[in-house]
Amino acid sequence: MNTSAPFSFVALPKERSLAKPRRKGLTMMIDDGMPLGLTEDILNLAESYIDLAKIKTGTARLYPRKSLENKLALYKQRQIRPFLGGQFHEYVFGTAGEAALPPFYEEALALGFDIIEISDNVVPLTDQQRESQIRGAIRAGLQVFGEVGSKETLSDPSLLIRQAELCFKAGAALVLVEAAELVENGEVRPAVLQLLKRELDMEKVMIELPGPWIKGVHSCDIELMKRELIEAFGPDVNLANVGSATIIDTEAARVGLGTAGPAKSLLSPN
């Protein structure tokens with residue numbers, strides 16, 4: 001039986017990291033409450049192209065406990081790192097205060113999480129609070145992804161850099177840039193992309209894709225942003241908030257098999 005990949009004689013760009021675990025070129029899939037069977041079907045098809053899975057916002061609170069534990073175990077079995085979305089952390093802090101965070105970390109670990117995101121999309125944090133919360137989660141035994149930017153306002157791009165540097169200083173392993181900061185009226189803000197590229201180590205930064213939850217963003221805008229990010233940073237750009245139904249299509253865009261076509265460097269002179 002032939003077990004080789006379909007069309008295996010077709011070369012893919014050498015710049016794309018294909019083997020897991022990847023150090024760069026990470027793809028984070030957003031999990032908005034997929035049933036376990038659907039999750040397993042998606043992984044059977046596309047696990048090679050998924051590195052991280054975000055349990056979106058505070059949806060983890062609504063799962064049957066065993067269902068959540070089984071899902072996290074499945075992700076880990078397939079070399080995919082699941083983590084808690086930052087807005088859950090914001091909810092706990094915003095509604096119950098600082099004292100509720102240690103029990104939150106303890107429960108996250110008990111369920112099988114070893115990574116959480118710390119953000120301030122809707123519950124603003126001071127610099128001191130951001131640093132303190134990242135350090136506190138790390139002391140509890142969790143790895144932390146820091147998120148910078150707001151879902152509600154366009155920040156001064158230099159603020160994103162300062163917040164990212166603060167996250168790294170506090171011990172964050174990765175920084176995610178809020179998608180809403182990168183688009184205005186559905187259009188990418190190219191100056192912000194160039195600032196990120198110039199000021200930060202992009203192997204430690206994930207750029208979130210926008211979604212329909214951002215005013216003025218449509219499916220075509222998401223596809224355009226994928227294309228612009230890949231053109232700006234190369235096929236190994238770290239991409240976050242990739243929809244479960246678009247994992248294969250996103251990988252196709254990375255390697256030139258999508259609608260944008262191959263990179264000019266791959267085109268034959270004939």
Side-chain angles (χ1 to χ4, degrees), residues 20-22 26-123 133-134 136-147 151 171-174 176 206 208-209 211-213 238-248 250-251:
K20 291 172 65 175
R22 272 179 282 268
L26 305 174
T27 296
M28 183 269 274
M29 180 180 74
I30 194 158
D31 184 331
D32 55 5
M34 295 187 298
L36 188 63
L38 176 58
T39 305
E40 188 165 16
D41 281 347
I42 290 168
L43 301 191
N44 287 342
L45 176 66
E47 67 180 67
S48 297
Y49 312 116
I50 306 169
D51 304 281
L52 299 159
K54 178 193 281 192
I55 307 300
K56 183 182 175 183
T57 58
T59 57
R61 175 64 178 83
L62 306 177
Y63 280 73
R65 187 179 190 90
K66 194 62 180 174
S67 295
L68 182 56
E69 291 173 340
N70 288 343
K71 177 179 278 190
L72 301 184
L74 174 63
Y75 279 133
K76 291 180 178 181
Q77 179 187 340
R78 304 298 185 92
Q79 286 190 288
I80 296 167
R81 293 178 290 163
F83 66 100
L84 276 172
Q87 279 192 246
F88 195 8
H89 192 273
E90 292 182 45
Y91 182 93
V92 172
F93 173 62
T95 60
E98 201 86 42
L101 294 179
F104 178 72
Y105 302 149
E106 183 179 351
E107 175 74 343
L109 289 163
L111 286 161
F113 288 103
D114 48 28
I115 307 169
I116 64 166
E117 181 184 25
I118 292 180
S119 61
D120 63 346
N121 289 161
V122 294
V123 179
Q133 289 180 10
I134 291 173
I138 292 171
R139 283 196 303 271
L142 291 158
Q143 192 176 67
V144 174
F145 294 166
E147 188 188 67
K151 278 185 169 61
L174 199 65
L176 287 81
M206 292 199 84
E208 294 186 339
L209 295 174
W213 55 86
N238 295 324
L239 295 177
N241 285 358
V242 178
S244 58
T246 65
I247 295 295
I248 293 288
T250 299
E251 187 64 27

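Counting begins at 1 with the first residue of the sequence. Quick caveat: nothing in here was measured; it's all calculated off a predicted structure. Note: hydrogens, waters and symmetry copies are ignored here, and every other heavy atom, side chains too, is used.
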Point to revise | Under 3.5 Å donor-acceptor, Asp41 side chain and Asn44 backbone | key: no
Exercise for review: Please name the pair of heavy atoms, one in Ile138 and one in Gly171, separated by the smallest distance, quoted to 0.1 Å.
Suggested key: CD1-O, 3.4 Å
Point to revise | Tyr49 atom OH, over 12 foreign heavy atoms within 6.0 Å | key: no
Check your understanding: Are any non-hydrogen side-chain atoms of Met206 and Asn241 less than 4.5 angstrom apart?
Key -> no
Check your understanding: In this structure, are over 12 heavy atoms from other groups packed under 6.0 Å from Tyr63 atom OH?
Key -> yes
Point to revise | Check: Ile116 and Phe145 side chains under 4.5 Å, non-hydrogen atoms | key: no
Check your understanding: With distance as the sole test, does Glu117 use its side chain to make a donor-acceptor pair with the main-chain N or O of Val144 at under 3.5 Å?
Key -> no
Check your understanding: Does any N or O in the side chain of Asn238 come within less than 3.5 Å of the main-chain N or O of Leu26, such that one atom is a donor and the other an acceptor?
Key -> yes
**Study point:** Lys/Arg N to Asp/Glu carboxylate O, Arg22 vs Asp51, below 4.0 Å
**Key:** yes
Revision key, fill the gap. Separation between CZ (Arg81) and CG (Leu52), nearest 0.5 Å, reads 4.5 Å
Practice item. Considering non-hydrogen atoms only, spot the tightest contact between Ala46 and Ile248 and give its length. Key: CB-CD1, 4.0 Å
Point to revise | Verdict with reasoning, Thr57 to Tyr91, per side chain to side chain contact (heavy atoms under 4.5 Å, CB included) | key: CA-CA 9 Å; Thr57 58; Tyr91 182 93; over 6 Å; no
Point to revise | CD/Glu69: more than 12 non-hydrogen atoms of other groups inside 6.0 Å | key: yes
Check your understanding: Taking atom NZ of Lys56 and atom CG of Leu84, what is their separation to the nearest 0.5 Å?
Key -> 14.5 Å
Review point. Roughly how far, to the nearest 0.5 Å, is CG of Asn70 from CD of Glu40?
Key: 10.5 Å
Check your understanding: Salt bridge check: are Glu208 and Lys54 linked by an N-O gap of less than 4.0 Å?
Key -> yes
Study note, to complete from the structure: In this structure, CD1 of Ile30 is separated from OG of Ser244 (nearest 0.5 Å) by 9.5 Å
Review point. Which heavy-atom pair separates Ile50 from Leu43 by the least distance, and what is that distance?
Key: CD1-CD2, 3.8 Å
Review point. Any sub-3.5 Å donor-acceptor pair from Thr250's side-chain atoms to Thr246's backbone N or O?
Key: yes
Exercise for review: Output yes when a side-chain donor or acceptor of Lys20 lies under 3.5 Å from a complementary backbone atom of Gln79, and no otherwise.
Suggested key: yes
Review point. Got a donor-acceptor contact below 3.5 angstrom from the Lys76 side chain to the Gly112 backbone?
Key: yes
Exercise for review: Please say which of Phe104, Phe83, Tyr105 ends up in a ring pair (Phe, Tyr, Trp, His ring centres under 6.0 Å) with Phe88.
Suggested key: Phe104
Revision key, fill the gap. Heavy-atom closest pair (Ala172 atom, Ile134 atom, distance to 0.1 Å) is N-CG2, 4.0 Å
Point to revise | Minimum heavy-atom distance Leu109-Gly141, with the two atoms named | key: CD2-O, 3.9 Å
Exercise for review: Report yes or no: do Ser119 and Glu90 form a side-chain donor-acceptor pair below 3.5 Å?
Suggested key: yes
Point to revise | Nearest heavy-atom neighbours spanning Ile115 and Pro82 | key: CB-O, 4.2 Å
Exercise for review: Just do the side chain to side chain donor-acceptor pair (under 3.5 Å) check on Glu251 and Thr27 with the steps written out, would you?
Suggested key: CA-CA 9 Å; Glu251 187 64 27; Thr27 296; 4.6 Å; no
Practice item. Say whether, by atom type as modelled, one donor and one acceptor occur between the side chain of Lys71 and the main chain of Lys66 under 3.5 angstrom. Key: no
Check your understanding: Between Gln143 and Asp114, do the side chains contain an N or O donor and an N or O acceptor separated by less than 3.5 Å?
Key -> no
**Study point:** Leu68 CG to Leu111 CG distance, which is reported to the nearest 0.5 Å
**Key:** 5.5 Å
Review point. Once you round to the nearest 0.5 Å, how far does CG of Asp120 lie from CD of Gln133?
Key: 9.0 Å
Practice item. Side-chain contact test, heavy atoms from C-beta onward, threshold under 4.5 Å: evaluate it for Met29 versus Ile42 and give yes or no. Key: yes
